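A short worksheet on the structure shown next.
Every chain is numbered from 1 and lettered A, B, ... according to where its sequence line falls, protein lines coming before strand lines. The shown structure was predicted, so the numbers you read here are calculated from the model rather than taken from an experiment.
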Amino acid sequence: MAVSIDAETLIDWFDDCGRDLPWRHAECTPWGVLVSEIMLQQTPVARVEPVWHEWMARWPAPSALAAASQGEVLRAWGKLGYPRRALRLHEAATAIAAEHGDVVPSDVDVLLALPGIGAYTARAVAAFAYGKRAPVVDTNVRRVVARAVHGAGDAGPASNTRDMADVAALLPVAEGRAARFSAALMELGALVCTARSPRCADCPVHERCAWQRAGRPAYAGPAKAVQKFAGTDRQVRGLLLDVLRGSEGPVWKESLDVVWPDAGQRDRCLDSLLVDGLVEQAPDGRFALPGETGQGVS
DNA sequence: GAATCGTGGCA
DNA sequence: TTGCCAAGATT
């Protein structure tokens, strides 16, 4: 019999200790929740919060974002990272405005059909914006479940089907409680059951924690792939895009060439940015953010 | 399943 | 200083 997690104990802790984040406020719209979830993908809360506020003031509904140009959206995305998220969110907003009456869908399968929305985000929106009962599995939840339920030091490689089944088995039956529990589970992983040095002394569920009972054994699974950054295409693409974000209009290639010494890698990255639709080239040969080549849309 | 895709803070 | 890590999605 697998160890479980007492939902009410965890929810009580969440009520007391959960962070007061703006997208958790009662007056936050489903659109606000969706924007937050996209921005928070692989990105720390502290970096997201100010940008999220700007976006909500500027684009309070999907149709408002849809009316903006891709360049404006990329500029407003700033340095949150993974800028393709911004383009996909723009696409999703366009679809929501055109096909869903400007209302963020509440159905998981409908959400999954939108660009940039995967297994996690679809269920997070369904749960946090609409109070639905769905297994919301992110990196925090996977770690908490690995420890509290399975007694492992950390989660192994992600397996969507297995991980969601694990979490589904923990969810309270009542819809409202399930959504609250999901938020609490994530928050526990973010604040207490952290990756590096978990604060077990402050954990509301440590009494029943399988990892605690097993003597907190070290993680025994396969080594996690460490992502390099320095010298990768990701870094070069970031440098190139940063030039365009910081310039008023289109720039000549010389302005882009200065950001990286290796011409081969530089050109390859510029090509990939063009392919991804993150950069456009004007007829005169200059480069700009999409929609800002000075040639109009038509 | 594995690789790829940004950025910056912190131990 | 440097490696690890942060509310993933897509191919």
Other members of the hydrophobic cluster containing A/Leu274, with the 4.5 Å side-chain heavy-atom rule, please.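 Besides A/Leu274, the hydrophobic cluster comprises A/Leu74, A/Leu87, A/Val236, A/Leu239, A/Leu240, A/Leu241, A/Val243, A/Leu244, A/Val251, A/Leu256, A/Val258, A/Val259, A/Trp260, A/Leu270, A/Leu273, A/Leu278, A/Val279, A/Phe287, A/Leu289, listed by chain and residue number.
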Quick check on contacts: within [range], what sits under 4.0 Å from DNA chain C by heavy-atom distance?
range: residues 118-134 of chain A; result: A/Gly118, A/Ala119, A/Tyr120, A/Thr121
range: residues 153-173 of chain A; result: none
range: residues 192-204 of chain A; result: A/Ala195, A/Arg196
range: residues 238-261 of chain A; result: none

First and last nucleotide of DNA chain C in contact with chain A, 5' to 3', at under 4.0 Å to a heavy atom: what are they?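 The footprint of chain A covers C/dG3 to C/dT10.
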Check each residue of [range] for a non-hydrogen atom within less than 4.0 Å of any atom in DNA chain B, then write out the ones that pass by number, or none.
range: residues 38-59 of chain A; value: A/Gln42, A/Thr43, A/Arg47
range: residues 5-35 of chain A; value: none
range: residues 72-80 of chain A; value: A/Lys79, A/Leu80

Can you give me the first and the last nucleotide of DNA chain B (5' to 3') that has an atom within less than 4.0 angstrom of a non-hydrogen atom in chain A?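 Footprint of chain A along DNA chain B, 5' to 3': B/dG1 to B/dA11.
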Return the set of residues passing side-chain contact (heavy atoms from CB on, under 4.5 Å) with A/Thr121 (not counting sequence neighbours), or none when no residue passes.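 With sequence neighbours excluded, A/Thr121 shows a side-chain contact (heavy atoms from CB on, under 4.5 Å) to A/Leu34, A/Glu37, A/Ile38, A/Gln41, A/Ile117, A/Val125, given in chain and number order.
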For residues 52-59 of chain A, which side-chain donor-acceptor pairs fall under 3.5 Å, sequence neighbours excluded?
{"from": "A/Trp52", "atom 1": "NE1", "to": "A/Gly32", "atom 2": "O", "distance (Å)": "2.9"}
{"from": "A/Trp55", "atom 1": "NE1", "to": "A/Ala76", "atom 2": "O", "distance (Å)": "3.2"}
{"from": "A/Arg58", "atom 1": "NH2", "to": "A/Glu72", "atom 2": "OE2", "distance (Å)": "3.4"}

